[in-house]
Number of protein chains: 2
Amino acid sequence: MISRKTKYAINALIHLTKRKDEGPILISEIAEAESIPQKFLESILLDLKKAAILASKKGKGGGYYLLKDPKEVNLADVMRLFDGPIALLPCVSYLYYERCDECKDEETCGQRDVFLEVRNKTVEMLKKATLTEIIKREHKLSKEKK
Amino acid sequence: MISRKTKYAINALIHLTKRKDEGPILISEIAEAESIPQKFLESILLDLKKAAILASKKGKGGGYYLLKDPKEVNLADVMRLFDGPIALLPCVSYLYYERCDECKDEETCGQRDVFLEVRNKTVEMLKKATLTEIIKREHKLSKEKK
DNA sequence: ACTTAGTCTATCAACATAGTAGAGTATTGT
DNA sequence: ACAATACTCTACTATGTTGATAGACTAAGT
């Protein structure tokens, strides 16, 4: 399961994407609209800023805004930022690789083979899920519903 | 990431599958061979017994053995038993479904759509990964290595 | 009966998560 | 210049989960 923090981050990013032509958006606006505790949201936005996904402006008329193109921001990156590795086993993670203690021979490990497959497929799908893509899907689902 | 408990469970199950024609296997044997703290392993095996995957025999010559056919035991079931839902969002879990608080309309939620896709693909792959399949892959990888 | 071996209950330290509080600092508009 | 605005940083707390240990208890085989 992804953490609440990641979920908040995604919601905040989508909020910012939808309003990206309106200049900086107040933390308080995002907090209220997305029902996220404001103080908690602040730390999330700060992390996204450190990751160079968002930027902020201080003072009156300030707030947060997207730095990266929403086509370039995908769920795999956001999830890694807050929840760490996407892989289900440390030994199949590319970015957070760690050896399994119990495993005698990694190369011939049957479990590893399965989880490697799962990881690759998952990352592939999450990489495709950019902010733009998510909003696109939203529109598509709305139309189908009618 | 899957918990250590699940990893232990899988290793224990594979151990039992490989020795399934030798009658009941001692907890202590599994614990030593797979380097799992014995007391911790006991509770794991007990859970697997409650799930009707394993059975046990008490007294001298006792121990644990597979109840289900190793072709029928897959990683999805084992993971659910110890770590709960496989889905990354509660609202895309079939067995542990729960509504997202923040979500205004589930049917048109773009994020949900992505995570539903990920869940379905993951479960599909994990269901195929039976104990027999994992051992088969191990053999295949060993041959390729030579 | 005695031993072996599984079962049950309680407890523990370590860590992560979700959230709160408050002081501090930078920037902008007037 | 300066007050208001709004982001930044540090510390703390409650709660829950994970991984592990200890000990008493119960059932079965010889």
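Residue numbers start from 1 in every chain, and the chains themselves are labelled A, B, ... in the order their sequence lines are given, proteins ahead of strands.
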message = Strictly distance-based, threshold 3.5 Å: is any side-chain N or O of B/T108 a donor or acceptor partner for the main-chain N or O of A/L141?
response =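 Checked: no pair found.
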In whole angstroms, how far is the [atom2] atom of [N] from the [atom1] atom of [X]?
| X | N | atom1 | atom2 | value |
| --- | --- | --- | --- | --- |
| A/K5 | C/dT17 | NZ | P | 8 Å |
| B/Q38 | D/dG19 | CD | C1' | 16 Å |
| A/L46 | D/dA11 | CG | P | 15 Å |
| B/I44 | D/dT18 | CD1 | C1' | 11 Å |
| A/F40 | C/dA16 | CZ | C1' | 11 Å |
| B/I27 | C/dC8 | CD1 | C1' | 13 Å |
| B/E29 | C/dT4 | CD | P | 17 Å |
| A/I36 | C/dT20 | CD1 | C1' | 16 Å |

request  = Classify the nucleic acid contact of B/L45 as base, sugar-phosphate or nothing, counting any heavy atom under 4.0 Å across all strands shown.
outcome  =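 No contact.
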request  = Please indicate whether B/E98 has more than 12 foreign heavy atoms, meaning atoms of other residues, nucleotides or ligands, lying under 6.0 Å from its CD.
outcome  =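 For B/E98, atom CD is not crowded (no more than 12 foreign heavy atoms under 6.0 Å).
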Taking the side chain as everything from C-beta on, heavy atoms only, tell me whether [X] gets closer than 4.5 Å to [Y].
| X | Y | result |
| --- | --- | --- |
| B/L66 | B/L54 | yes |
| A/C100 | A/R112 | no |
| B/N74 | B/L126 | no |

ask   = Tell me, for nucleotides 21-30 of chain C in 5' to 3' order, what letter each nucleotide earns: B for a base near a protein heavy atom under 4.0 Å, S for only sugar-phosphate near one, - for neither?
value = -BB--SBSS-
Which pair of non-hydrogen atoms, one from [X] and one from [Y], has the smallest distance, and what is that distance?
| X | Y | result |
| --- | --- | --- |
| B/D83 | B/S3 | OD1-OG, 2.6 Å |
| A/V73 | A/V78 | CG1-CG2, 4.1 Å |
| B/A12 | B/L41 | CB-CD1, 4.1 Å |
| A/L16 | A/Y64 | CD2-O, 3.5 Å |

request  = Estimate the overall bend of the helix from C/dA1-D/dT30 to C/dT30-D/dA1 from the end axes over five pairs each, rounded to 10 degrees.
outcome  =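 The two end axes of the helix from C/dA1-D/dT30 to C/dT30-D/dA1 meet at 10°.
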message = At a heavy-atom distance below 4.0 Å, what parts of residues 75-83 of chain A sit against DNA chain C?
response =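 Per residue number, the list is empty: none.
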inquiry  = Which Ile, Leu, Val, Met, Phe, Trp or Tyr residues join A/L95 in one cluster when any pair of side-chain heavy atoms under 4.5 Å counts as a link?
reply    =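 Noted: A/L95 shares its cluster with A/Y94, A/Y96.
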Counting only side-chain N and O atoms of [X], is one of them less than 4.0 Å from OP1 or OP2 of [N]?
| X | N | value |
| --- | --- | --- |
| A/S56 | D/dT8 | yes |
| A/Y8 | C/dA18 | no |
| B/Y64 | C/dA5 | no |

message = Given D/dT8, D/dA20, C/dT20, identify the nucleotide with an atom nearest to the side chain of B/P37.
response =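 Taking heavy atoms from C-beta onward, the closest nucleotide is D/dA20.
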First of B/K50 and B/L26 reached from the 5' end of DNA chain C, by closest nucleotide =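 In this pair, the answer is B/L26.
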request  = Could I get the full list of ring pair (Phe, Tyr, Trp, His ring centres under 6.0 Å) partners for B/Y97, not counting sequence neighbours?
outcome  =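 Not a single residue meets the ring pair (Phe, Tyr, Trp, His ring centres under 6.0 Å) criterion with B/Y97.
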key: Inter- and intrachain pairs under salt bridge (charged side-chain N to carboxylate O under 4.0 Å, His left out), touching residues 114-135 of chain B, at least two apart   =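 Non-adjacent pairs meeting salt bridge (charged side-chain N to carboxylate O under 4.0 Å, His left out): A/R137-B/E117, B/D77-B/K127, B/K121-B/E124, B/E124-B/K128, B/E133-B/R137.
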